[in-house]
Amino acid sequence: MRYSQLFIPTLKETPSDAKVVSHQLLVRGGFMRQLGAGIYSYLPLLQRSVRKASAIVREEMEGIGAQEFFLPALNPREVWEASGRWSVMGDNMFRLKDRSGADYCLAMTHEEVFTAIARDELRSYRQLPQIWYQIQTKFRDEARPKSGLLRVRQFTMKDSYSFDVDQAGLDRAFEAHRQAYERIFSRCGLSFMQVDAHSGAMGGSASTEFMVRTEAGEDLVAHCATCGYAANTEKAESRAKPRPAKASAGSTEKFATPGVVTIEALSKDPFRVAAEDQLKTLVYIADSKVVLAVVRGDQTLSETKLQTATGATEVRPAKAEEIRVALGASPGSLGAVGITNVIVLIDRSLEGAADMVTGANQDGFHFRHVDVGRDVQGKIVDLRLVSADEGCIRCDGRLEIFKSLEVGHIFKLGTKYSVSMGAKVLDEGGKEVPIVMGSYGIGVERIVAAAIELSHDADGIRWPMSIAPYHVVILALQALDPEVAAAAETLSAALKAAGVEVLVDDRDERPGVKFKDADLLGIPVRIAIGKKSLAEGKVEWKRRGASKEAMELVALADVAARARALVLAEGGKLAS
RNA sequence: CGGGGCGUAGCGCAGCCUGGUAGCGCGCCUGCCUUGGGCGCAGGAGGUCGGAGGUUCGAAUCCUCUCGCCCCGACCA
């Protein structure tokens with residue numbers, strides 16, 4: 001393709017509203033433009049990369065026997081009512097009405113529609129297993145779109161669903177997806193890791209996220225370098241920093257703490273109660289029920305874990321009035337001593353803790369000598385957020401915590417949707433059983449954005465060969481010079497004949513402009529054709545990102561074969 | 001949804017506090033020049049100052065409302 005005829009609106013300056021690198025470079029490089037918050041138009045160059053990523057996804061899905069569908073993004077309310085998610089999805093789902101006033105939504109995922117097809121059409125275990133997938137636009141009314149393509153309201157997702165007659169079948173489908181995902185992300189040039197994850201609104205049991213470690217990500221992963229344990233902090237567990245064991249110090253005793261409403265204040269003069277010797281009592285409303293969550297004073301509650309523990313679909317901090325009604329005191333003086341009329345959940349690390357201090361549910365007073373189990377009773381669950389440098393739960397290593405971007409997520413759904421929607425088959429024994437399902441997603445644009453986050457420099461993008469918009473860019477440094485132009489033409493034709501995708505910068509621009517744009521666009525191989533070297537029948541070959549010293553003069557006649565070999569070696573695909 | 005910030009030419013910004021007929025850089029168009037890392041010179045086009053209402057002789061500037069975007073938090077398969 002001739003650069004002069006392509007639409008590649010590059011910018012000299014970084015757009016002021018772009019914060020993360022992938023966003024900046026995609027806009028500067030003329031790959032995309034914003035239409036609204038979290039809504040982007042993909043320009044020709046980006047579309048090429050997205051299609052390449054999609055093609056890799058498609059190949060690997062076909063490789064595990066998955067069959068491609070294309071389902072409606074516009075869904076009637078009924079199918080979402082059937083699974084109960086019309087209400088569960090809340091404000092995150094775009095909703096609309098048709099002309100007759102009937103409710104519709106823009107699908108944010110497709111468990112319901114696929115399960116409905118399975119329910120209507122699958123009757124026998126003989127028809128199983130099935131893996132169905134699609135690569136489709138998804139819509140989510142994100143509360144806060146941000147970071148360019150990393151968090152948007154409309155995006156492309158590969159979603160697949162497995163249907164099996166039993167758990168063993170699901171395990172096989174899950175494993176097949178894990179391996180397909182490993183191949184997909186590797187082929188797209190990403191370094192990634194698999195982490196244990198929270199299942200959230202998807203329901204189901206086990207789930208694994210595929211994470212790319214980058215500061216641009218929004219998830220926090222806890223990782224143990226010693227044994228390899230890795231989990232999203234929504235799920236991660238650790239050995240809590242130990243608290244020096246204390247013996248019970250007799251019965252509880254109320255003492256005045258006027259004006260003291262924080263853990264911090266209580267740890268100072270005149271009280272000097274270490275944070276780890278305090279019980280932090282937090283009041284939440286879980287699906288309209290009051291819940292007390294108790295963690296150690298030096299720990300942080302994980303709302304996600306609280307949600308898991310309560311089984312509620314919505315969990316929020318209680319308002320001051322609600323707290324007063326439930327406990328008769330204000331935040332800062334709360335405790336769970338003797339509380340039996342509401343649900344009390346206690347973090348596992350507090351099991352057996354003795355001689356603690358906690359609020360007395362009377363403003364200005366606390367209790368001391370509080371023993372968990374004796375004075376504070378409730379269900380012992382995992383509630384606290386892990387923090388860096390705590391001990392690994394699997395070995396004696398330490399955890400590190402870092403930001404990551406979720407590019408894929410695989411779930412063992414089990415029978416949640418098949419039961420709620422009535423998708424059943426007859427098993428070998430003629431018994432009717434719910435289909436055992438799995439659900440598997442990949443954010444296609446996130447692959448592209450993650451590749452940029454991982455691979456760029458001060459000058460621009462450095463695309464992996466497999467998803468680069470073109471394999472080679474030819475710079476005709478003196479575009480108006482007949483010999484240079486002719487050489488560019490000849491070389492372009494040779495590369496094309498060899499199956500290499502080539503972009504020819506034939507613009508009547510100064511060399512500096514072409515070099516800058518080429519660096520910005522990040523095409524893996526740059527061939528510069530200038531008068532001087534051309535006189536000797538040579539052109540300059542340079543890998544994007546390679547040092548100046550790595551530039552080589554290559555005979556014109558050798559370029560095509562060499563480029564073809566490189567494309568193949570680096571996992572690119574030759575055009576047929 | 002809470003907190004903060006910003007909307008002025010295609011892009012990046014100044015002007016606003018202290019009201020007086022809108023400016024800079026880049027880009028764009030024309031000509032000359034130049035041609036291996038975003039050249040140089042000269043000329044030129046381009047703006048309902050996000051929108052509505054108000055105050056005023058007069059509003060980009062002050063006031064009210066509103067829309068949009070960005071950031072932090074909450075939220076989030």
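Chain letters run A, B, ... following the sequence lines, proteins first and then strands; every chain starts at 1.
Of all nucleotides present, none satisfies the Watson-Crick or G-U wobble test against rG47(B) with each distance under 3.5 Å. A 3.5 Å limit on both hydrogen-bonding distances identifies no Watson-Crick or G-U partner for rC75(B). Nucleotide rG23(B) has rC13(B) as its partner under the Watson-Crick or G-U criteria, with both atom distances under 3.5 Å. In this structure, rU18(B) makes no Watson-Crick or G-U wobble pair, since no nucleotide meets both defining distances under 3.5 angstrom.
Contact annotation for E540(A): base contact, defined as any heavy-atom pair under 4.0 Å involving a base atom. If you check every strand for non-hydrogen atoms under 4.0 Å, R526(A) touches a base. Using a 4.0 Å heavy-atom criterion, one finds that E406(A) contacts the sugar-phosphate atoms exclusively. Counting non-hydrogen atoms under 4.0 angstrom, K146(A) reaches the backbone sugars and phosphates but no base. In this structure, G90(A) reaches neither bases nor backbone, as no heavy-atom distance under 4.0 Å exists between it and the strands shown. Residue contacts for K514(A): at a heavy-atom cut-off of 4.0 Å it reaches no nucleic acid atom on any strand shown.
Remark: Q478(A) is not in phosphate contact with rU34(B), judged by side-chain N or O atoms under 4.0 Å from OP1 or OP2.
Between the base of rG38(B) and the side chain of E509(A) there is no donor-acceptor pair shorter than 3.5 Å. For R144(A) and rG3(B), a side-chain-to-base donor-acceptor distance below 3.5 Å is absent, hydrogens and geometry of angles not being considered.
Under the 4.5 Å side-chain criterion, counting only non-hydrogen atoms from C-beta, Y3(A) is not in contact with K514(A). V221(A) has its side chain within reach of F402(A): a pair of non-hydrogen atoms, C-beta onward, lies under 4.5 Å apart.
Comparing A18(A) and A143(A) against RNA chain B, the residue whose closest nucleotide sits nearer the 5' end is A18(A).
The environment of E483(A) atom CD is sparse: at most 12 non-hydrogen atoms of other residues, nucleotides or ligands sit within 6.0 angstrom.
Here the options are F114(A), Y133(A), Y161(A), the test is ring-ring contact (aromatic ring centres under 6.0 Å, His included), and the partner is F69(A); only F114(A) passes.
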